[in-house]
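Worksheet: the structure to be examined is printed underneath.
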Amino acid sequence: MRILLPDDTELELPEGASALDAARAIGPRLAEQAVLARVDGEPRDLRLPLPDGARLQLLTTRDREDPDALAVLRHSSAHLLAEAVRRLHPGVKVAIGPPIDSGFYYDFEFPEPIHESDLEAIEAEIRREIAEGRRWERQEITADEARSRFAHEGETYKVELVDTAEGEISLYTQGDFTDLCRGPHLQDATPIQAITLTGLAGAYWRGDERNTQLTRIYGTAFFTQEDLDAHLARLEDARARDHRRLGPQLDLVHLSDASPGSPFWHPKGMVLWNTLEDLRRVENGRRGYLEVKTPLIYDRTVWETSGHWEKFRENMYLVAGEGEEPHAGLKPMNCPGHMLLFGSQLRSYRDLPLRYAESSTLHRNELAGTLHGLLRVRHVTQDDAHIFCTRQQIEDEIFGCLDYVAFLYDLFGMSARFELSTRPDDKLGTDEEWDFTEGALRSALERRGLDYFEGVGEGAFYGPKIDLHMTDVLGRAWQMGTIQLDAQMPARFGLTYMGADNAEHVPYVIHRALLGSLERFLGILIEHYAGAFPLWLAPVQLTVLPVGEGHREAARALAERVRAAGYRVEVDERDETLGRRIRDTELAKVPYAVVWGDRESDESLAVRVRGEGQATMSLDDLLSRLRDETPAVLAS
RNA sequence: GCCGACGUAGCUCAGCUGGUAGAGCACAUCACUCGUAAUGAUGGGGUCCCCGGUUCGAGUCCGGGCGUCGGCUCCA
């Protein structure tokens, strides 16, 4: 048979030859360094036979940044971890141990709980294994053989995995550890030049909290120590721009035990907040939204109508008098308020689409363990809106939301991942209905030219949705904006409009929050800019620094001239050295600093530009520069 | 909510096998009035997260609670 190599040359091999055979045919060094085959673009174990005519690429220890090469390295590392744990903790049961983006983990059920301090010994044992040498052997067996083998060993999780496995069953053995595993794996452990265990966590078997909680050990591995060091250095850098550190450091916001999950916004943080609010309000006006304000507390009957009383009561803050049953609840979302508002008058098809916007405080009693800085809070503020429309208007309205969302994220230079979530198992409504609604969302996405991936079965029970996701500095994904189509809530609230046919119809409603929660958006924004906000967002846009005591008055006058042009200006006339005040301005990440002394005049200013160093320019030049950096939507 | 770790001055942290708590930064006062990333001196500042227990004695040991951090689950 023939296979095709990356340089388009052909290699003639005997029938049934593996990628490793191919490597040997090319050169012994390649065979030795090979870690993984890529066959027609797909990663494949080196030991597996190649199909005739396959396009083969061999990944070696030199492909140390290739995601597939790293994945196989880490997958084999996870097996070494399991081997070490079984030796050190007899009676442990092994579950699963895959590679992940940042490393690998393995889940175990320990007979006795283990602690973080136990990791050191496990890591030492792994190093010992590597020093001693480990080779992986692959073996294919039937499901029955696998089942009886793992049942005999008492590995109940493996038995369960065999029962649900599809296709052929394979085993990989290294040292005295044999694991049920699809592969691929390294030939031997020598490519694992840097490995470390990074943490311990609880994790439910198969991700279901009704199952037993296993102990998950996390680790990471690289082809070189240098790569591991770089990885750890990147993590350290990321922590420096973590919004939980920068928020208090830049005097923007803090959190307190006095009200967990509820940020205290400082004056400088409020500048950011209000800028987002201005942006939202101005742009809503342009795009045909109508601002409304609805109550924070509603009678429980409203929550019973909406279904929240039944479904989300545990996460709601309920209101009760002394010794009473709760009779009301704080709103965890705005929908019911907007439904009631729509229903308060007779509506005509001529009124539609009707777009109600409200940026309101919401309270959600999130589980204690889920709170996370500004990214997961109990006090939530959504840039919310509800669009009431007819069936025919859905696609255009979704398109409008997507256009709006693209406009907003572009403004911040951020790119979100779009996910289309389709019908879940417990959906309401017919398949025909879902075909239509999903189709409307899909064609709006395509018409706007947006790339998206599909979350099959991830939709809400009342309709499909489009979510935006972004990652924080540590690579964790967070849901930002959401656009949800709802064909159920209006009916629950008995909402109708009079159609052109003089008959009542139930409107559709689109729930949409584009930034998502302002708290979360600001958290991501702080990390996105590492606190160095563009001029138009910066809490202080310009600091004037008088050189000496005698320059203070002139500095104040200059500040006043810039302030009059509409900018946020401060004069730092503290009794500190100039060097010190420049340093503080720099650390506060103020975009512009102007030093004012004997040599300066409106015609010739000493301007320090953040990230660029010093420049000399006139006041007029400076002001026009400031103007250029303000987006049109916010230029008043 | 679950698993693991942590909680000491406004912040970052030290405090050994239990013996009356410390540094740097920040803050205040004084001197200096300064030309592009830290002037110097002096001083004030603590419910060692909370409650209970062991002990002659607890920041330190034990139990419970709260909060934070890393995960899991959840997220209208």
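Letters A, B, ... are given to chains in the order of the sequence lines, protein chains preceding strands, and every chain is numbered from 1.
Summarising the base pairing, B/G57 is matched to no nucleotide, lacking a Watson-Crick or G-U wobble pair whose two defining distances lie under 3.5 Å. Across all strands shown, B/U68 forms a Watson-Crick or G-U wobble pair, both distances under 3.5 Å, with B/A5. For B/U42, the paired nucleotide is B/A28, the pair qualifying as Watson-Crick or G-U wobble because both relevant distances are below 3.5 Å. As the counterpart of B/C74, no nucleotide is assigned, since no Watson-Crick or G-U wobble pattern has both distances under 3.5 Å. The partner of B/A23 is B/U12, by the rule that a Watson-Crick or G-U pair needs both atom distances under 3.5 Å. Nucleotide B/C34 is matched to nothing when pairs are restricted to Watson-Crick or G-U wobble geometry with both distances under 3.5 angstrom. If you check B/G18 for Watson-Crick or wobble pairing at under 3.5 angstrom, you find it has no partner at all.
Between A/Arg210 and A/Asp208, at least one side-chain N (NZ, or NE/NH1/NH2) sits under 4.0 Å from a carboxylate O, which counts as a salt bridge. Residues A/Arg625 and A/Glu612 are paired through a salt bridge, judged by an N-O separation under 4.0 Å between the basic side chain and the carboxylate.
Ring planes of A/Tyr317 and A/His363: perpendicular class, angle over 60° (limits at 30 and 60°).
Partners of A/Tyr106 under the side-chain hydrogen bond (donor to acceptor under 3.5 Å, both in side chains) rule, at least two apart in sequence or in another chain, are A/Lys158, A/Asp179. In this structure A/Tyr105 satisfies the ring pair (Phe, Tyr, Trp, His ring centres under 6.0 Å) test together with A/Tyr218, sequence neighbours excluded. Listed by chain and residue number, nothing satisfies the ring pair (Phe, Tyr, Trp, His ring centres under 6.0 Å) test with A/Trp596 (two or more places apart in sequence, or in another chain). Applying the ring pair (Phe, Tyr, Trp, His ring centres under 6.0 Å) rule to A/His551 yields no partners; only residues at least two apart in sequence or on another chain are considered. For A/Trp478, the ring pair (Phe, Tyr, Trp, His ring centres under 6.0 Å) criterion is met by A/His372, not counting sequence neighbours. Applying the side-chain hydrogen bond (donor to acceptor under 3.5 Å, both in side chains) criterion to A/Arg280, with sequence neighbours excluded, gives A/Glu277, A/Glu291.
A straight line from CG of A/Asn211 to C1' of B/G1 spans 16 Å, rounded to a whole angstrom.
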**Request:** May I have the step-by-step check of side chain to side chain donor-acceptor pair (under 3.5 Å) for A/Thr212 and A/Tyr157, ending in yes or no?
**Result:** CA-CA 11 Å; A/Thr212 41; A/Tyr157 296 102; 3.2 Å; yes
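Side chain to side chain, A/Thr482 and A/Asp467 meet the donor-acceptor criterion of an N or O pair below 3.5 Å. Side chains of A/Glu358 and A/Thr294: a donor on one and an acceptor on the other come within 3.5 Å.
Contact check for A/Met333 versus A/Arg364: side-chain heavy atoms found under the 4.5 Å cut-off.
Heavy-atom distances under 4.0 Å link RNA chain B to A/Asp575, A/Glu576, A/Thr577, A/Leu578, A/Gly579, A/Arg580, A/Ile582, A/Arg583 of residues 573-584 of chain A, given in residue order. Across residues 596-617 of chain A, A/Gly597, A/Asp598, A/Arg599, A/Glu600, A/Ala606, A/Arg608, A/Gln614 each have a non-hydrogen atom less than 4.0 Å from an atom of RNA chain B (numbered order). Heavy-atom distances under 4.0 Å link RNA chain B to A/Ile114, A/His115, A/Glu116 of residues 106-123 of chain A, given in residue order.
Evaluation of the side chain to side chain donor-acceptor pair (under 3.5 Å) test over residues 93-102 of chain A, restricted to residues two or more places apart or in two chains, returns A/Lys93-A/Thr156.
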Can you name the atoms? Protein N/O to nucleotides 9-17 of chain B N/O, anything below 3.5 Å, with the distance.
none

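From A/Tyr567, atom OH reaches atom OH of A/Tyr592 across 9.5 Å, with rounding to the nearest 0.5 Å.
For CD of A/Glu304, the number of neighbouring non-hydrogen atoms (other residues, nucleotides, ligands) closer than 6.0 Å is greater than 12.
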**Asked** Can you give one letter per nucleotide of nucleotides 64-76 of chain B, going 5' to 3': B for a protein heavy atom under 4.0 Å from the base, S for sugar-phosphate only, - for none?
**Response** ---SSSBBBBBBB
